[in-house]
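These notes are about the structure you will find just below.
Read the numbers this way: they start at 1 and go in the same order the structure lists the ligands and their atoms.
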Amino acid sequence: MALMVGARVLARNLLRPWSRLPDAVPGRTGPAAGGGDGVRCFGSPRVLVETDPAKGVAVIKLKNPPVNSLSLEVLTEFVISLEKLENDKTFRGVIVTSDCPGIFSAGLDLTEMCGKSQAHYAEYWRAVQELWLRLYLSNLVVIAAINGVSPAGGCLISLTCDYRVLADNPKYSIGLNETLLGIVAPSWFKDTLVNTVGHRTAERALQLGLLFPPAEALRVGIVDQVVPEDQVHSAALSVMARWLAIPDHARQLTKNLMRKPTADRLVKQRDADIQYFLQFISRDSIQKSLRVYLDKLRQKKG
Ligand SMILES: CCCCCCCCCCC/C=C/C(=O)SCCNC(=O)CCNC(=O)[C@H](O)C(C)(C)COP(=O)(O)OP(=O)(O)OC[C@H]1O[C@@H](n2cnc3c(N)ncnc32)[C@H](O)[C@@H]1OP(=O)(O)O
């Protein structure tokens with residue numbers, strides 16, 4: 001039942017005409033993200049989309065202050081924006097970045113996984129799965145311009161991209177640090193990392209919950225390029241131009257060849273994966289770990 005409610009909510013959101021989204025910011029024009037006139041902006045307050053139709057490129061900027069945590073709303077709005085871009089043949093590439101200074105994304109929203117109902121957990125997890133599937137199998141060239149710290153789910157978002165550019169700032173670490181919270185990265189998080197850095201590096205990184213600073217991130221291959229902070233966007237645009245020089249059909253079929261087997265593993269057992277998540281996240285010991293971790297984050301300030 002819970003699963004059906006979750007699926008219905010997501011389907012309703014996905015099918016809702018864009019212009020009727022409650023938070024939509026339709027057709028605003030603004031200064032070009034990549035320079036030049038004619039940039040149009042749409043999206044929602046939490047997921048801004050700047051499009052440059054002449055270049056065929058869009059920029060998705062996550063804006064969920066203070067830390068760009070991936071709440072249910074953010075996940076849903078992200079999927080809707082992506083679908084809109086996929087369906088518009090004007091666009092061939094998208095850059096994913098953050099509008100929150102110093103933070104790419106703090107990962108999954110811990111408050112969505114703590115002290116909530118089973119129905120809520122199921123709805124949330126389906127939305128996490130949906131975003132991963134959409135990003136991982138996107139026909140667009142997807143480039144992450146990582147302009148801030150990027151733990152766990154934040155790292156996962158960038159791992160689904162075709163290429164990762166990280167700003168060279170020692171504070172901007174990246175990795176799947178789930179074990180440090182007393183939780184476990186699911187198999188498809190693990191697969192995404194293994195496909196990027198190889199089995200041994202992934203095993204060590206996952207067990208130890210490693211967060212790599214830029215130079216190390218580049219060395220292990222969890223990012224493809226490290227550039228000075230003020231050049232992240234221009235570097236992402238340069239990389240985009242190179243990837244867009246490849247004929248779409250050939251690149252897309254190749255991407256599919258590389259990624260579909262991994263995605264299919266989740267697609268074939270999506271409901272079972274949700275049940276697994278429900279059992280895991282509802283355990284008293286896991287809820288306690290999450291509460292302790294959240295309390296630590298909150299007390300940091302005091
Ligand atoms: C056998 C297999 C079974 C598998 C079954 C499945 C298991 C479940 C899998 C779940 C996978 C989870 C993935 C995740 O992404 S979990 C989230 C991991 N994220 C983190 O560890 C990052 C935590 N945050 C930080 O380290 C810092 O906040 C950060 C470095 C990002 C920024 O630091 P800064 O000093 O700038 O900001 P604050 O720490 O003061 O935070 C400001 C407020 O934001 C709140 N906050 C931070 N992160 C989160 C978050 N991820 N979710 C929700 N809220 C977050 C923080 O508490 C502060 O709140 P207050 O203002 O209220 O104090």
For [X], which part has a heavy atom under 4.0 Å from ligand 1: side chain, backbone, both, or neither?
{"X": "Asn177", "result": "side chain"}
{"X": "Ile103", "result": "side chain"}
{"X": "Ile183", "result": "side chain"}
{"X": "Leu181", "result": "side chain"}

Closest to atom 3 (C) of ligand 1 (judged by heavy-atom distance), picking from Phe277, Tyr172, Tyr276: Tyr276
From the candidates Asp273, Val184, Leu290, the one that places a heavy atom nearest atom 4 (C) of ligand 1: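 Comparing heavy atoms across Asp273, Val184, Leu290, the nearest one to atom 4 (C) of ligand 1 lies in Val184.
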Ionic contact status for [Y] with [X], cut-off 4.0 Å:
{"X": "Arg270", "Y": "Glu130", "answer": "yes"}
{"X": "Arg126", "Y": "Asp271", "answer": "yes"}
{"X": "Asp162", "Y": "Arg259", "answer": "yes"}
{"X": "Arg46", "Y": "Glu73", "answer": "no"}

Heavy atoms from other residues, nucleotides or ligands near CZ of Phe280 exceed 12 (cutoff 6.0 Å):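 Yes, the 6.0 Å shell around CZ holds more than 12 heavy atoms from other groups.
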Sub-3.5 Å N/O-N/O distance, [X] and ligand 1:
{"X": "Leu110", "answer": "yes"}
{"X": "Ala106", "answer": "yes"}
{"X": "Lys300", "answer": "yes"}
{"X": "Tyr293", "answer": "yes"}
{"X": "Trp125", "answer": "no"}
{"X": "Gly153", "answer": "yes"}
{"X": "Val67", "answer": "no"}

Atoms of ligand 1, numbered as shown, that sit under 4.0 Å from any heavy atom of Pro66: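 What qualifies from ligand 1 is 42 (C), 43 (C), 44 (O).
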For Gly107, atoms of ligand 1 separated by under 4.0 Å from a heavy atom: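 Counting atoms of ligand 1 from 1, those under 4.0 Å from Gly107 are 15 (O).
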Pair Trp132-Trp125, ring pair (Phe, Tyr, Trp, His ring centres under 6.0 Å): steps then yes or no: CA-CA 11 Å; Trp132 179 78; Trp125 199 245; over 10 Å; no
Just checking, any donor-acceptor pair under 3.5 angstrom between side chains of [X] and [Y]?
{"X": "Glu229", "Y": "Asn147", "result": "no"}
{"X": "Asn68", "Y": "Ser98", "result": "yes"}
{"X": "Gln287", "Y": "Ser282", "result": "no"}

Heavy-atom closest pair, residues Val149 and Tyr172: N-CD2, 3.7 Å
